[in-house]
*Asks:* 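There's a structure below that I have some questions on.
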Amino acid sequence: MAEKFDVIVIGGGPGGYVAAIRAAQLGLKTACIDMHVGKDGKAAPGGTCLNVGCIPSKALLDSSKHFHHLQHEYGSHGISVKEASIDVPAMIARKDSVVQKLTGGVAQLLKGNKVDFYHGKGNLGAGRQVEVTPADGGDAVQLQADNVILAPGSVPIEIPNVSFDGEYIVDNVGALDFDSVPGTLGVIGAGVIGLELGSVWNRLGSQVILLEALPDFLVLADQDISKQAAREFKKQGLDIRLDTLVKSAEVKKKKVTVTLEDKDGESQLTFDRLLVSVGRKAYTDGLLSEDSGVRLNEHGQIEVDEQSKTTASGVWAIGDAVRGPMLAHKASEEGMAVAELIAGKPAHIHFDTVPWVVYTDPEIAWVGKTEQELKDAGVKYRTGSFPFAANGRALASDHGVGLVKMLADEDTDEILGVHIFGANASELIAECVVAMEFQGTSEDLARIVHAHPTLSEAVHEAALHLDKRAIHRGN
Ligand code: FAD
Ligand code: AMP
């Protein structure tokens, strides 16, 4: 006999575990199934984000930033050390302990909210029957629910003739676990993950070359931002080669030789390690029985409508496995919204105001439309901007690189997009998201008191500049 639930969630990442907790908070009898095995061999709910994504990458970005600053930036503060050294295994152990704390925390949260957690692989059949194959190899367990939420996440895309071997040719999992600093690191794909993980090892002393097929850098970002960022990253020693298509890679004598094609034709480069970060794809292997009734789209994503309903009655899907940006906060918001819809409450997500962040140094963050998008759509807009070089707090803490750029409707002044390249952009963008959610205008932000001295004054000044009344720059 199958155990009966109101809601079964398959996948325990930021989409799935959040959906499960919210469903339980709403009084629904909820199960959450996750198959991830942590480094200690035990269950580790939290998905890609907590185990091998957002959190461990930020832990290593932080460690490598300290090391880099100690060597290259603290001199001007009068701080020096004779010889800085990096103990890579200690750095990785710290990262692992952060991950373990957080995945343990998720397990506790599930328990505290009375969510039944199953460590194993879930498979959806007809009539919302779910079979769980336990991770410990025990007998399969049968469950059934009124509603099933699919949150199986994503896996790295592998390109033809470049096979992962987990040691020399790696994905994000491998690049978060190198046991020493590679002398040379090739990165295929100069997207968010390639830039973040490339930065980590570059700061620790690797010579990093990023090979990017597209002719433009960071195409999703506003071009003013991506141009400044490209210049800054080059100064930092990241060698970003655009218009460069990787065709194959081969491991020989503990080195990886990459064959690439650029404007000069075909050539080869040899690295100690190669990170493949060419994007991610929905992970649906073994998730759906033939009779589940759930359809995939042409990209292999689970097909959903605007409310996250799949083609099977009572089956919902969220996160990286469905359309939309592959971001943890997008997955979590969808999870909460679906739980609330199941409980009969209204719920709606504004995809237009989902913030994006790239955790380089400085950070890149944006919300809303880019200038290119507004131009293409024929929208009339005004622009304001402010450089961090003119912000007192930024200069006091050596963060004078970058800018805030704000775009507002020419007639109504409603904010249409904000783009930040600068220190703490990931935090500064929150104010702009709030403003846009409330359909705020640049005048609203211009009239709000911002504390002095803070980096947020750069947002304030960009809003003032939009109305040609910035104080600390020319208009
Ligand atoms: P996932 O987090 O992938 O979780 C899915 C879970 O379901 C996994 O544990 C998987 O094992 C499990 N699962 C799959 N199928 C089954 C099944 N059949 N049965 C049981 N369990 C199953 N996003 C950000 O917003 N900010 C960042 O800074 C950021 N940094 C990133 C850095 C890296 C290196 C990577 C790789 C990603 C990063 N992301 C970041 C993206 C973010 O990790 C994802 O958008 C997010 O994890 C998606 O959440 P999810 O719940 O949809 O899926
Ligand atoms: P993201 O989706 O942000 O992780 O970025 C992945 C990047 O990898 C994109 O900018 C792609 O253009 C790039 N890419 C994909 N395939 C290749 C390839 N074979 N060689 C070089 N770059 C690639």
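Predicted model only: the values in this text are computed from it and were never measured. Order of appearance sets the numbers: ligands from 1, and atoms from 1 within every ligand.
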*Asks:* Which ligand 1 atoms, with their elements, are less than 4.0 angstrom from a heavy-atom of Asp34?
*Replies:* 6 (C), 7 (O), 8 (C), 9 (O), 10 (C), 12 (C), 20 (C), 21 (N)

*Asks:* What residue and heavy atom of the protein are closest to atom 12 (O) of ligand 2, and at what distance?
*Replies:* Glu212 OE2, 2.6 Å

*Asks:* Closest non-hydrogen protein atom to atom 41 (C) of ligand 1, residue and atom name please, with distance?
*Replies:*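 I find the closest protein heavy atom is Met326 O, 3.7 Å.
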
*Asks:* Would you please determine whether Pro14 falls within less than 4.0 Å of ligand 1 on a heavy-atom basis?
*Replies:*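 Contact check Pro14 vs ligand 1: positive.
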
*Asks:* Does ligand 2 have an atom under 4.0 Å from some heavy atom of Thr244?
*Replies:*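 Thr244: in contact with ligand 2 (<4.0 Å).
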
*Asks:* When you measure from the side chain of Gln223 to the backbone of Gln372, do you find a donor-acceptor pair of N or O atoms at a distance under 3.5 Å?
*Replies:* no

*Asks:* Would you mind checking which non-hydrogen protein atom is closest to atom 2 (O) of ligand 2, with the distance to 0.1 Å?
*Replies:* Gly279 CA, 3.7 Å

*Asks:* Run the numbers for me: atoms of ligand 2, each under 4.0 Å from some heavy atom of Gly189, listed by number.
*Replies:*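 Numbered from 1, ligand 2 contributes 7 (C), 8 (O), 13 (C), 22 (N).
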
*Asks:* Report, in ascending order of atom number, the atoms of ligand 2 lying under 4.0 Å from any heavy atom of Ile159.
*Replies:*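 Counting from 1, the qualifying ligand atoms are 19 (N).
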
*Asks:* Could you see which bit of Val278 sits under 4.0 Å from ligand 2, with heavy atoms only: side chain, backbone, both or neither?
*Replies:* both

*Asks:* Is there any N or O on Leu197 that sits under 3.5 Å from an N or O of ligand 1?
*Replies:* no

*Asks:* Show which atoms of ligand 1 fall inside a sub-4.0 Å distance from at least one heavy-atom site of Asn172.
*Replies:* 34 (C), 36 (C)

*Asks:* Test of understanding: given a 4.0 Å heavy-atom threshold, classify the contact between Ala331 and ligand 1 as side chain, backbone, both, or neither.
*Replies:* side chain

*Asks:* Tell me the nearest of Gly122, Gly46, Gly12, Gly53 to atom 37 (C) of ligand 1, using heavy-atom distances.
*Replies:*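 Result: the heavy atom closest to atom 37 (C) of ligand 1 is in Gly53.
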
*Asks:* Can a non-hydrogen atom of Lys58 be found less than 4.0 Å from any atom of ligand 1?
*Replies:*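 Yes, Lys58 has heavy atoms under 4.0 Å from ligand 1.
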
*Asks:* Which residue and atom name correspond to the protein heavy atom nearest atom 25 (O) of ligand 1, and how close is it?
*Replies:* Ala328 N, 2.8 Å

*Asks:* Is Asn51 reaching over with its side chain to a backbone N or O of Ala44, donor-acceptor style, under 3.5 angstrom?
*Replies:* yes

*Asks:* Do any N or O atoms from the side chain of Lys330 and from the backbone of Gly319 form a donor-acceptor pair under 3.5 angstrom?
*Replies:* yes

*Asks:* Should the pair Lys254-Glu167 be classified as a salt bridge under the 4.0 Å nitrogen-to-oxygen rule?
*Replies:*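 Salt bridge flag = no for Glu167 with Lys254.
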
*Asks:* Counting each atom of ligand 1 from 1 as listed, which ones have a heavy atom of Ser154 under 4.0 Å away?
*Replies:*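 Within the 4.0 Å cut-off of Ser154, ligand 1 contributes 3 (O).
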
*Asks:* Assess the residue pair Thr311 and Arg295 against the criterion (side-chain hydrogen bond (donor to acceptor under 3.5 Å, both in side chains)); give the C-alpha distance rounded to whole Å, side-chain angles, the decisive distance to 0.1 Å, and a yes or no.
*Replies:* CA-CA 6 Å; Thr311 46; Arg295 201 162 54 216; 5.0 Å; no

*Asks:* Please answer whether the main-chain N or O of Asp291 pairs with a side-chain N or O of Ser289 as donor and acceptor at a distance below 3.5 Å.
*Replies:* no

*Asks:* Okay, side chain of Thr284, backbone of Leu287: is any donor-acceptor separation there less than 3.5 Å?
*Replies:*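 No.
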
*Asks:* Under 3.5 Å, is there a donor-acceptor pair between the side chain of Arg280 and the main chain of Ser154?
*Replies:*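 Checked: pair present.
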
*Asks:* In ligand 2, which numbered atoms sit nearer than 4.0 Å to a non-hydrogen atom of Ala213?
*Replies:*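 In order of number, 21 (C), 22 (N), 23 (C).
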
*Asks:* Tell me, please: is Gly120 in heavy-atom contact with ligand 1, that is, under 4.0 Å?
*Replies:* yes

*Asks:* Between Asp177 and Lys95, does the salt bridge (charged side-chain N to carboxylate O under 4.0 Å, His left out) criterion hold? Intermediate values first, please.
*Replies:* CA-CA 9 Å; Asp177 257 346; Lys95 179 263 296 177; 3.0 Å; yes

*Asks:* Who's the nearest protein heavy-atom neighbour of atom 21 (N) of ligand 1, and how far?
*Replies:* Met35 N, 3.2 Å

*Asks:* Nearest protein heavy-atom contact for atom 53 (O) of ligand 1: which residue, which atom, what distance?
*Replies:* Gly153 CA, 3.1 Å

*Asks:* Describe, in one word, how the ring planes of Tyr118 and Phe5 are oriented to each other, choosing from parallel (under 30°), tilted (30 to 60°) and perpendicular (over 60°).
*Replies:* perpendicular

*Asks:* Provide the number and element of each atom of ligand 1 under 4.0 Å from a heavy atom of Gly13.
*Replies:*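 The list of qualifying atoms is 2 (O), 4 (O), 6 (C), 51 (O).
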
*Asks:* Check each atom of ligand 2 against the heavy atoms of Val192 and keep those under 4.0 Å away; list them by number with element.
*Replies:*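 The atoms of ligand 2 under 4.0 Å from a heavy atom of Val192 are 3 (O).
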
*Asks:* Are Asp222 and Lys369 within salt-bridge range, i.e. N to O under 4.0 Å?
*Replies:* no

*Asks:* By number and element, which atoms of ligand 1 are closer than 4.0 Å to a non-hydrogen atom of Cys49?
*Replies:* 2 (O), 43 (O), 47 (O)

*Asks:* Counting non-hydrogen protein atoms only, what is the nearest one to atom 51 (O) of ligand 1? Give residue, atom name and distance.
*Replies:*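 Ranked first by proximity to atom 51 (O) of ligand 1 is Gly15 N, 2.8 Å.
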
*Asks:* If you have a sec, work out which protein heavy atom is nearest atom 40 (C) of ligand 1 and how many Å separate them, to one decimal?
*Replies:*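 Among all protein heavy atoms, the one nearest atom 40 (C) of ligand 1 is Cys54 SG, 3.2 Å.
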
*Asks:* Under 4.0 Å, heavy-atom basis, I'd like to know which part of Ser57 is in contact with ligand 1: side chain, backbone, both or neither.
*Replies:* side chain

*Asks:* Mark up the atoms of ligand 1 that fall under 4.0 Å of a heavy atom belonging to Tyr359, in ascending order.
*Replies:*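 Result: 28 (O).
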
*Asks:* Okay, side chain of Thr244, backbone of Leu211: is any donor-acceptor separation there less than 3.5 Å?
*Replies:* no

*Asks:* Distance to 0.1 Å, residue and atom name: give those for the protein heavy atom nearest to atom 14 (C) of ligand 1.
*Replies:*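 So the nearest neighbour among protein heavy atoms is Pro152 O, 3.1 Å.
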
*Asks:* As an exercise, identify every atom of ligand 2 less than 4.0 angstrom from a heavy atom of Ile188.
*Replies:* 18 (C), 20 (N), 21 (C), 22 (N)

*Asks:* Taking atom types as modelled, is there a side-chain donor on Asp40 or Gln100 under 3.5 Å from an acceptor on the other?
*Replies:*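 Their side chains do contain a donor-acceptor pair, which is all the 3.5 Å distance test asks for.
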
*Asks:* Of all the non-hydrogen atoms in the protein, which one sits nearest to atom 3 (O) of ligand 1, and at what distance?
*Replies:*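 Closest protein heavy atom to atom 3 (O) of ligand 1: Thr48 OG1, 2.6 Å.
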
*Asks:* Does Thr310 reach the main-chain N or O of Val315 with its side chain, forming a donor-acceptor pair under 3.5 Å?
*Replies:*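 Yes: the side chain of Thr310 pairs with the backbone of Val315.
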
*Asks:* For the side chain of Asp272 and the backbone of Gly183, is there at least one donor-acceptor N/O pair under 3.5 Å apart?
*Replies:*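 Judged by distance alone, yes, a pair lies under 3.5 Å.
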
*Asks:* So if I count the atoms of ligand 1 from 1 in the order they appear, which ones are less than 4.0 Å from some heavy atom of Leu327?
*Replies:* 23 (N), 25 (O), 45 (O)

*Asks:* Relative to atom 45 (O) of ligand 1, which among Ile318, Val354, Leu176, Asp320 owns the nearest non-hydrogen atom?
*Replies:* Asp320

*Asks:* Can a donor-acceptor pair be found between the side chains of Arg203 and Ser64 at a distance below 3.5 Å?
*Replies:* yes

*Asks:* Should the ring pair His350 and His348 be called parallel, tilted or perpendicular, given that the plane angle runs from 0 to 90° and is split at 30 and 60?
*Replies:* perpendicular

*Asks:* Please check if any side-chain donor atom of Gln228 sits under 3.5 Å from a side-chain acceptor atom of Arg231, or the reverse.
*Replies:* no

*Asks:* Tell me which protein heavy atom sits closest to atom 5 (O) of ligand 2, plus the residue, atom name and distance to 0.1 Å.
*Replies:*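 I find the closest protein heavy atom is Gly191 CA, 3.5 Å.
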
*Asks:* Ile10 heavy atoms, cut-off 4.0 Å: which ligand 1 atoms fall inside?
*Replies:* 17 (C), 18 (N), 19 (N), 20 (C)

*Asks:* Look only at the side chain of Glu250 and the backbone of Thr257, and say whether a donor-acceptor pair between them is shorter than 3.5 Å.
*Replies:*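 Not a single qualifying donor-acceptor pair exists.
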
*Asks:* Under 4.0 Å between a side-chain nitrogen and a carboxylate oxygen: does that hold for Lys29 and Glu3?
*Replies:* yes

*Asks:* Using non-hydrogen atoms of the residue, decide whether Leu245 is closer than 4.0 angstrom to ligand 2.
*Replies:*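 It does; at least one heavy atom falls under 4.0 Å.
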
*Asks:* If you measure every N/O of Val246 against every N/O of ligand 2, is any gap under 3.5 Å?
*Replies:* yes

